[in-house]
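Read through the structure below, which is laid out as C-alpha cells, and then see the notes.
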Amino acid sequence: MTKIVGTLGPKSRSVEVISACLEAGMSVARFDFSLGDNKYHQETLDNLKTSIKSTKKLCAVMLDTAGPELTVVNTSEKPIALKADETVTIIPDKGEEASSEVFPINFDGLSKAVKKGDTLFIGQYLFTGSETTSVWLEVDQVKGDDVVCVIKNSATLTGSLFTLHAAQIHIDLPTLSNKDKEVISTWGVQNKIDFLSLSFTRHAEDVREARELLGKMGDLSQTQIFAKIESEEGLTHFDEILQEADGIILSRGNLGIDLPPEKVFLFQKEAVYKCNMAGKPAVVTRVVDSMTDNLRPTRAEATDVANAVLDGTDAILLGAETLRGLYPIETISTVGRICAEAEKVFNQDLYFKRTVKFVGEPMSHLESIASSAVRAAIKVKASVIICFTSSGRAARLIAKYRPTMPVISVVIPRLKTNQLKWSLSGSFEARQSLIVRGLFPMLADPRHPAESTNPSNESVLKVALDRGKASGVVKSHDRVVVCQKVGDAAVVKIIELED
C-alpha cells in the first residue's frame, strides 16, 4: 500500500533494470536534474516508457529541481584525500582544479553568508554521515571571497560532483534557478511531468512562484508540486508551505545536518501527522543508505522504514540507493516487504478516530462520504473499495482515512475543448494517485460517465472487479464497497460477489 519513488540514474536506466524496478514495486520514477542533462534524462525516460508498455505497470514521472544547491566540481574525478586538523580553502569557481587544498564552488557569496565557527559539510550526492566518504568543516577565517576551513575528520571524496551544505545558514539564491526554469520549460513540458519536486523550499512564496511558472506552460497547469523540506528555514514555515503545496518530501539527508540528531525524529512525526490531517501525501527520504553498497539494510534502517509507515507516510523515496547503488531492484523489493509487514500492524482504528476528530463537524459533503465509505468497508470487512472519480479528489479523500484494504480509483476521462481542439483528461489524475498510500488507479473507457444516472450501469464496475481479481485482492463471496455519483447524489453501496 505504501508507494515507492525510485530515482533513475547510472545504475538504473536500462530497460531491463527499469522493468524489474516496476515489477518490484516502484510506482513513481524521479529524475534528479542535479546530475545529467536533458538528453541524458530523455534517454532514461524513453526507456521507462518502453518498460511501462512491456510490464503494463503504470508509473508517474517526478522532475527534481537542483535548486540553490552548492556544488564542488571535480573535473579530473581523481579521489581527494583530506586529513583531520589540516585546512582547505573554498573559493568561487573560476575554472580551478579541485584538490585537497582548494574547493571551487558554484557560488560567489559564501564568504558573505558564513562567519568563524560555522559548520559546512561536503559529500557525494548528499552528505552521508559516514566519516570516510563525507567531510565536516569548520570555518576558520574569511579572506575576501575565500573561506578557509579546518578539516574535522579525515575522509576521501570520490566522484565528479560533491554537494556542499551549510548548516543553519541562509544561502541567498533563488529556489528556482534559471537552469531549473529552463529544464521545466523544455524537458518538463515535452514530457508532461506529473510531479515537480521543489528542492530547498523555504517559504510558501517559493511554491506560489513555481505554481505560477507551471500555469504559464499550458500542459503543466495540472502538475502537482511537492515541496522538499531540507533546511531549518523550511521547517520554520512548514504550515504555510503545506497549505500551498500538493505534497511534502521530507529530505532527511540535509535536515539531519541542519537539525541536531535528537530532533530529527520529532520533526518527522509532526510533519507526517500534519500532512495526514491535511490529506496531502508525505514522502520520506534517506531510509536505507547502506543498501547503496550492500544487499541487506541494517537493523536500524529496517526499523526506520517500518516506523515511517506506522507514522502514516505515503511513500518512501529512494535516492542514491537506486541512482548509483549496486542493488536497485533488491532495494525496492526489500523496502516494499518491510512496508507490507508494518501495514499489517498499523493501528487503523486509532488513526480513523483521530482523523475524524481533527476534521470536526460539520464535515463537508465529500469528506463525510469518504469517511463513511471507509467505515462501512471496515465494518463489513470488504476486500476492496472502488471509487469512481473524474478529478481524483474523492479517491484521495478516501485514502486520507487509511482504509486497511486497497482503494481502486476508477478515473473516468472527461472530454475538454479550448475551441481549437478536443482533448481527454484523466491520465494526469490517474498517475498522480500513484504517490498516495493505498490508492491504485485505473483509467476507464471515456464512454462510461462518472455521474451515472442509471445505478445499474455495471460495465465499468465489472472492469474494476476484474482488475481486482487479476491482482488477487478480490475473490468469490468477497464484499466490496463502491463509491460513485448517481445523478446529483453520492452513493456508498456494499455489494457481495457471487462465484
Side-chain angles (χ1 to χ4, degrees), residues 6-14 17 30-37 40-41 44 64 66-67 69-107 110 119-138 147 149-167 199 230 251-254 256-257 285-298 301 318-328 330-331:
T7 306
L8 301 184
K11 290 280 193 279
S12 54
R13 61 192 299 257
S14 66
V17 174
R30 171 175 169 259
F31 293 80
D32 185 351
F33 275 82
S34 301
L35 308 156
D37 56 11
Y40 178 86
H41 288 297
T44 310
D64 194 285
E69 189 166 65
L70 305 184
T71 53
V72 177
V73 178
N74 179 19
T75 45
S76 69
E77 296 201 25
K78 288 179 185 157
I80 297 174
L82 300 163
K83 288 202 169 67
D85 300 326
E86 291 186 358
T87 59
V88 63
T89 306
I90 299 170
I91 62 169
D93 189 0
K94 306 250 180 355
E96 203 165 325
E97 191 80 36
S99 68
S100 53
E101 285 88 42
V102 172
F103 279 160
I105 64 160
N106 62 335
F107 177 51
L110 187 69
T119 305
L120 305 174
F121 293 94
I122 296 179
Q124 190 196 23
Y125 190 64
L126 265 177
F127 177 73
T128 59
S130 163
E131 276 66 44
T132 54
T133 57
S134 337
V135 69
W136 169 23
L137 308 173
E138 192 176 282
V147 178
C149 302
V150 174
I151 300 164
K152 303 297 280 183
N153 64 296
S154 297
T156 301
L157 303 183
T158 55
S160 59
L161 190 77
F162 316 129
T163 305
L164 183 145
H165 185 90
S199 294
E230 35 195 331
S251 183
R252 301 189 314 171
N254 280 338
I257 300 168
T285 71
R286 305 300 300 273
V287 286
V288 284
D289 283 350
S290 70
M291 285 196 79
T292 307
D293 304 308
N294 300 298
L295 255 175
R296 285 168 67 94
T298 64
E301 287 172 335
L318 301 171
E321 301 99 324
T322 55
L323 175 107
R324 58 181 173 84
L326 305 178
Y327 308 104
E330 292 83 354
T331 303

Note to self: Quick one, P10 and Y40 - any side-chain contact, counting heavy atoms below 4.5 Å?
What the structure shows: yes

Note to self: Looking only at the side chains, is there a donor atom on one of D64 and S34 sitting less than 3.5 Å from an acceptor on the other?
What the structure shows: no

Next item on the list: For T75, check side-chain hydrogen bond (donor to acceptor under 3.5 Å, both in side chains) against everything at least two apart and list the hits.
Entry: E97

Checklist line | Backbone of T7 reached by a side-chain donor or acceptor of T322 within 3.5 Å | finding: yes

Next item on the list: Considering non-hydrogen atoms only, spot the tightest contact between E96 and P104 and give its length.
Entry: O-CG, 3.2 Å

Note to self: When you compare the side chain of I151 with that of V88, does any pair of heavy atoms fall below 4.5 Å?
What the structure shows: yes

Next item on the list: For E86, enumerate each residue passing the side-chain hydrogen bond (donor to acceptor under 3.5 Å, both in side chains) test, keeping only those at least two apart in sequence or located in another chain.
Entry: none

Item checked: Residues forming a side chain to side chain contact (heavy atoms under 4.5 Å, CB included) with E77, sequence neighbours excluded -> S160

Check: Among all residues two or more places apart in sequence or in another chain, which pass the ring pair (Phe, Tyr, Trp, His ring centres under 6.0 Å) test with F103?
Finding: none

Next item on the list: Give the intermediate values and the outcome of side chain to side chain contact (heavy atoms under 4.5 Å, CB included) for residues T331 and V288.
Entry: CA-CA 8 Å; T331 303; V288 284; 3.7 Å; yes

Item checked: Heavy-atom check, side chain of V135 versus side chain of N153, under 4.5 Å -> yes

Note to self: Could you check whether S290 and E301, counting side-chain N and O atoms only, form a donor-acceptor pair closer than 3.5 Å?
What the structure shows: yes

Item checked: Carboxylate-amine/guanidinium contact R30 D32, below 4.0 Å -> yes

Checklist line | side-chain hydrogen bond (donor to acceptor under 3.5 Å, both in side chains) against T119, all qualifying residues, sequence neighbours excluded | finding: none

Check: Is there side-chain contact between I122 and L164, with heavy atoms separated by less than 4.5 Å?
Finding: yes

Checklist line | Contacts of type side chain to side chain contact (heavy atoms under 4.5 Å, CB included), residue S12, not counting sequence neighbours | finding: L8, V17, P328

Check: Distance-only, no hydrogens or angles: does the H41 side chain make a donor-acceptor pair with backbone N or O of L35 under 3.5 Å?
Finding: yes

Check: Atom CG of D289 and atom CD of E321: how far apart are they, to the nearest 0.5 Å?
Finding: 5.5 Å

Margin query: A side-chain contact here means heavy atoms from C-beta on lying under 4.5 Å apart; do I90 and L137 qualify?
Written below: yes

Check: Once you round to the nearest 0.5 Å, how far does CG of L323 lie from CZ of R13?
Finding: 10.5 Å

Next item on the list: Please report the C-alpha distance between V287 and L318 in whole Å, then the side-chain angles of each, then the deciding distance to 0.1 Å, and finally whether the side chain to side chain contact (heavy atoms under 4.5 Å, CB included) criterion is met.
Entry: CA-CA 8 Å; V287 286; L318 301 171; 4.2 Å; yes

Check: Where do T156 and I80 land on the side chain to side chain contact (heavy atoms under 4.5 Å, CB included) test, with the steps shown first?
Finding: CA-CA 5 Å; T156 301; I80 297 174; over 6 Å; no

Margin query: Checking I91 against V102 for the side chain to side chain contact (heavy atoms under 4.5 Å, CB included) test, could you report, in this order, the C-alpha distance in whole Å, the side-chain angles of both residues, the deciding distance, and whether it holds?
Written below: CA-CA 7 Å; I91 62 169; V102 172; 3.4 Å; yes

Check: Taking all atoms of both residues into account, what is the closest heavy-atom pair of R296 and M291, and its distance?
Finding: C-CG, 3.8 Å

Check: side-chain hydrogen bond (donor to acceptor under 3.5 Å, both in side chains) with T158: which residues, sequence neighbours excluded?
Finding: none

Note to self: Just to verify, which of L157, D93, I105 counts as forming a side-chain contact (heavy atoms from CB on, under 4.5 Å) with V72?
What the structure shows: I105

Note to self: Around atom CG of D37, are there more than 12 heavy atoms from other residues, nucleotides or ligands closer than 6.0 Å?
What the structure shows: yes

Notebook entry, point to check: Rounded to the nearest 0.5 Å, what separation is found between the CG atom of N106 and the OG1 atom of T71?
Noted result: 3.5 Å

Notebook entry, point to check: How long is the gap from CG on N254 to NE2 on H165, to the nearest 0.5 Å?
Noted result: 4.5 Å

Notebook entry, point to check: So how far is it from L110 CG to L120 CG, rounded to the nearest 0.5 Å?
Noted result: 6.0 Å

Note to self: Just to verify, what does E330 make a side chain to side chain contact (heavy atoms under 4.5 Å, CB included) with, not counting sequence neighbours?
What the structure shows: L295, Y327

Next item on the list: Please identify each residue that fulfils side chain to side chain contact (heavy atoms under 4.5 Å, CB included) with K152, with sequence neighbours left out.
Entry: W136, E138

Next item on the list: Indicate the atoms forming the closest heavy-atom contact of R324 with T292, along with that distance.
Entry: NH1-CG2, 3.9 Å

Item checked: Nearest non-hydrogen partners of A84 and S154, listed with the distance -> N-OG, 3.1 Å

Check: Is a side-chain N or O of R286 found less than 3.5 angstrom from the main chain of G319, in a donor-acceptor match?
Finding: no

